[in-house]
Amino acid sequence: MSFWEYANPKKFLTTTEKAMPFLWVTSGVLLVTGLVWGFFFTPDDYRQGSTVKIIYLHVPAALMAINIWFMMLVTSLVWIVRRHHVSALAARAAAPIGVVMTVIALVTGAIWGQPMWGTWWEWDPRLTSFLVLFLFYLGYMALWEAIDNPDTAADLTAILCLVGSVFAVLSRYAVNFWNQGLHQGASIMRAGAVTGTDTEEKVSNIFFAPLMVCIVGFVLLFIALVFYRTGTEIRARRIKALLVRERVEGAG
Amino acid sequence: MIALLMRDLKLALRAGGGFGLGLAFFLIVTVLVPFSVGPQSALLGKIAPGVLWLGALLACLLSLDRLLALDWEDGSLDLLATAPLPLESTVTIKALAHWLTTGLPLVLAAPVLGVLLNLPGPGYLWLVVSLLLGTPALSVIGTFGAALTVGLKRGGLLLSLLVLPLYVPTLIFGAEVARRGAEGFAVQMPLLMLAGISAASIALLPFASAAVLRVNLR
């Protein structure tokens, strides 16, 4: 029994269908627990007030936005190397979720930044690299949509994902460098630490435990969504194949 | 290889394609900037490196969709793909031709336009050096984007969307070299990064472009 058996669409569908109810329920329970716990049962931060609570959406979404791209990179590699269609479809299914996560991270960040930094947007390295990531997601999805032949589309997007990953990492460092060039030394951005790492370290357990619950909930939700969307893609492709066959048989 | 390069150059020159278009666009952008931000020469001198880099980048972007699409339409791309020359070399030559007809004129025109924008004295050298190092990367990355979208009817918009994030690092380091040069700071670090990006792009991206073209020609 090898991992690659799941590359068979039928096997993939039956297995994921069994796992699905468990995933939905667990992620739902974890998210509700984490968010309710975070929003109502943790004290306000002494410095940030109640705005600190946006961390429960912002941090998991930001983590997912990066990791989803990484997952797409892995599945794209699998598609290029082993030509398993499920892999390419999973990458396709993950991209819109990734873009939503990126938007959540950017929007919640802006909402938090307005009272904290006094601005909705700042050309801070992290914010900027997320904007670049957002553009990468958009380009990736647009390329999928633009090409009719599914295999061609899978090949092209896979290569774009590989090249894009290299440039995404490069942009991250470039942007870091560029901002240092602009304001040297201390700035509120660096002191505030966008991911809230300093909150985690200073205030630790009170905020940290519900945050972890939220992160796990987000991960499970993502897995469930990817399984669901990949299943939909597989079925859509089957319907297309059936329709084509019907038409051919009807004509002949 | 040389025959292909000469053919592309001749086509570009005689059809008056990318050659004039990119330069004209560059000229328009830099000439219009003082009208839109006002004639304070101190301010203009400060933003000149960034404006010149941005203008060069957009001018490059403008001519990308003709890079492979023309050959695709008249079928010569299929012939080139079946020719004994590896597709990787073909793509590299295409990028080189694009650079010679678009990038190099931009590099040569940049100092002249720098005068219009009141670029500070030491900036000229670094502006030319950074453009000379950076524009090849722009051409090679653009060729990759053009190869991705070559089969599409209206690939222009998609091409810009795909290439835009890929251009970010080059633009950052290139403009940084020019800016630091103009302000008299040390430029070694961004200069090395820019050269690194260019060298790596030129060495590696033709393989990706060729792979993409093979898929598209399948």
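Side chains are part of it too, since the values below use all heavy atoms of this structure and drop only hydrogens, waters and symmetry mates. In the text below, chain A, chain B and the rest are named by the order of the sequence lines, each starting its count at 1.
- Using a 4.5 Å cut-off between heavy atoms, Asp151(A) touches chain B through backbone and side chain atoms alike.
- Note: Tyr140(A) OH to Leu162(B) CG = 12.0 Å, rounded to the nearest 0.5 Å.
- Contacts of Val215(B) with chain A are made by both backbone and side-chain atoms, with heavy-atom separations under 4.5 Å.
- Contacts of Thr170(B) with chain A are absent, with no heavy-atom separation under 4.5 Å from either backbone or side chain.
- Annotation: the span from Asn216(B) atom CG to Leu156(A) atom CG amounts to 5.0 Å, rounded to 0.5 Å.
- For OH of Tyr228(A), the number of neighbouring non-hydrogen atoms (other residues, nucleotides, ligands) closer than 6.0 Å is 12 at most.
- If you measure heavy-atom distances from Phe185(B) to chain A, you find no contacts under 4.5 Å at all.
- Counting heavy-atom neighbours within 6.0 Å of Asp148(A) CG, excluding the residue itself, gives a total of 12 or less.
- For a residue to count as touching a neighbouring chain, one of its non-hydrogen atoms must lie under 4.5 Å from one of that chain's; by this rule Leu131(A) does not touch chain B.
- For the atom pair Ile197(B) CD1 and Phe167(A) CZ, the distance stands at 7.5 Å (nearest 0.5 Å).
- Considering every non-hydrogen atom in both Ala142(A) and Leu161(B), the closest pair reads CB-CD2, 3.9 Å.
- To the nearest 0.5 angstrom, Ile147(A) atom CD1 is 9.0 Å from Thr149(B) atom OG1.
- Atom CG of Leu157(B) is surrounded by 12 or fewer heavy atoms from other residues, nucleotides or ligands within 6.0 Å.
- When Ile141(B), Leu148(B), Leu171(B) are compared by the number of non-hydrogen pairs under 4.5 Å with chain A, Leu148(B) comes out ahead.
- Here the straight-line distance linking atom CD1 of Ile159(A) with atom CZ of Arg214(B) works out to 10.0 Å at 0.5 Å rounding.
- Between chain B and the options Thr157(A), Leu170(A), Val132(A), heavy-atom pairs under 4.5 Å are most frequent for Leu170(A).
- Here the closest non-hydrogen pair linking Gly139(A) and Leu158(B) is O-CD1, 4.4 Å.
- Residue Ser171(A) comes nearest to Pro165(B) through the heavy atom pair OG-O, 4.2 Å, listed as atom of the first residue, atom of the second, then distance.
- Of the two parts of Leu166(B), the backbone and the side chain both hold a non-hydrogen atom closer than 4.5 Å to a non-hydrogen atom of chain A.
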